[in-house]
Amino acid sequence: KVGVNGTPASFINGVDVSGAQPFEKFKAVIYQALQKAQAKEAAGTPKDKIYVVMSQENKKNAPAAKEDEGEKEDTKTVFKVPVGKAAVRGNPNALVTIVEFSDFQCPYCKRVEPTLKALRDKYGDKIRLVWKNEPLPFHPRAEPAAEVALEARAEKGDAGFWAAHDKLFDMQPKLDDQDLENAAK
């Protein structure tokens with residue numbers, strides 16, 4: 001619904017950051033988002049509404065795509081990505097929300113994990129990470145791995161999901177049935 005057609009794909013308060021981008025790219029977008037979010041909070045917006053408000057504003061203020069651009073990549077569109085019942089890591093009232101569409105078998109998704117950890121370490125409770133499974137059709141072990149993580153969440157909540165998430169990325173590319181069973185244990 002938000003135009004994700006590859007992984008990893010992230011939305012930071014609605015701003016699209018596509019691909020396994022370096023820490024500095026995320027840092028620049030988060031810095032801008034934090035400034036805007038702090039201004040909203042100072043103006044009276046409740047913390048638990050900042051993500052929705054910022055995403056809506058970012059989408060509304062995004063420049064319209066020009067028709068003559070053809071196949072050129074859209075780097076200006078901003079999306080409000082519903083968090084819904086997705087797994088969340090971090091402060092639920094964080095000023096910045098990163099919604100990550102990812103795939104446990106994707107080597108590029110694994111490559112962005114150290115960047116996401118560095119962002120959590122640097123920004124602490126100012127950011128939250130939301131996980132959305134996006135198993136790509138050419139990664140046949142991505143969906144079974146996602147099912148393991150979802151089952152871990154069903155049994156042990158978000159903490160169980162994130163433990164399975166970390167384990168699955170650590171063991172990649174070993175995601176055969178026996179590997180997934182061992183991870184689940």
Side-chain angles (χ1 to χ4, degrees), residues 1-23 25-26 29-30 33 51-52 54-55 58-59 73-74 77-94 96-121 123 127-185:
K1 291 181 180 178
V2 296
V4 171
N5 56 17
T7 57
S10 303
F11 293 86
I12 301 173
N13 280 10
V15 176
D16 182 19
V17 178
S18 186
Q21 298 295 325
F23 176 84
K25 173 69 175 180
F26 279 90
V29 176
I30 288 172
Y51 171 65
V52 172
M54 294 299 302
S55 294
N58 285 332
K59 184 174 183 177
E73 182 182 4
D74 177 5
T77 301
V78 178
F79 298 94
K80 176 186 177 286
V81 182
V83 172
K85 296 180 180 180
V88 175
R89 180 182 259 176
N91 180 356
N93 294 320
V96 173
T97 297
I98 301 170
V99 180
E100 178 77 10
F101 289 81
S102 197
D103 169 339
F104 289 111
Q105 191 178 356
C106 173
Y108 300 105
C109 296
K110 181 177 181 173
R111 218 168 72 191
V112 80
E113 286 299 310
T115 297
L116 295 173
K117 181 178 181 334
L119 291 169
R120 290 191 318 273
D121 291 346
Y123 293 103
I127 66 170
R128 72 176 168 162
L129 179 63
V130 176
W131 175 273
K132 300 280 189 172
N133 283 303
E134 183 69 17
L136 299 175
F138 52 88
H139 288 150
R141 303 306 301 165
E143 189 169 336
E147 290 172 9
V148 167
L150 291 174
E151 183 60 29
R153 184 166 187 245
E155 292 183 24
K156 299 191 179 211
D158 281 349
F161 172 86
W162 291 107
H165 163 279
D166 295 347
K167 179 74 173 166
L168 291 166
F169 273 124
D170 286 346
M171 58 192 273
Q172 191 197 90
K174 296 180 180 184
L175 297 173
D176 290 331
D177 287 344
Q178 187 60 52
D179 300 317
L180 295 178
E181 189 175 322
N182 292 341
K185 288 178 185 175

Original post:
Salt bridge or not for Lys110 and Asp170, using N-O below 4.0 Å?
Top reply: no
Subject >> Non-hydrogen side-chain atoms of Asn13 and Val29 separated by less than 4.5 Å >> reply: no
Original post:
Can you find a heavy atom in the side chain of Asp103 that is under 4.5 Å from one in the side chain of Tyr108?
Top reply: no
Subject >> Partner of Arg153 by side-chain contact (heavy atoms from CB on, under 4.5 Å), out of Trp162, Phe161, Trp131 >> reply: Phe161
Original post:
With a 4.5 Å limit on heavy-atom distance, are the side chains of Met54 and Thr97 in contact?
Top reply: no
Original post:
What distance do Lys117 atom NZ and Arg89 atom CZ have between them, rounded to the nearest 0.5 Å?
Top reply: 9.0 Å
**OP:** Answer whether the closest heavy-atom distance between the side chains of Phe26 and Gln21 falls below 4.5 Å.
**Re:** yes
Original post:
Side-chain contact, heavy-atom cut-off 4.5 Å: Val148 with Leu175?
Top reply: no
**OP:** Any chance you could measure Glu100, atom CD, to Phe11, atom CZ, to the nearest 0.5 Å?
**Re:** 10.0 Å
**OP:** Can you establish whether the number of heavy atoms outside Lys132 located under 6.0 Å from its atom NZ is more than 12?
**Re:** yes
**OP:** Kindly indicate whether the side chain of Gln105, heavy atoms from C-beta on, has any atom under 4.5 Å from the side chain of Pro140.
**Re:** yes
Subject >> Distance in Å, Ile12 CD1 paired with Ile127 CD1, rounded so as to fall on 0.5 Å steps >> reply: 8.0 Å
**OP:** Answer whether the closest heavy-atom distance between the side chains of Val83 and Tyr51 falls below 4.5 Å.
**Re:** yes
Original post:
Would you call Phe169 and Cys109 a side-chain contact if the rule is heavy atoms closer than 4.5 Å?
Top reply: yes
Subject >> Over 12 non-hydrogen atoms of neighbours within 6.0 angstrom of CD in Glu143 >> reply: no
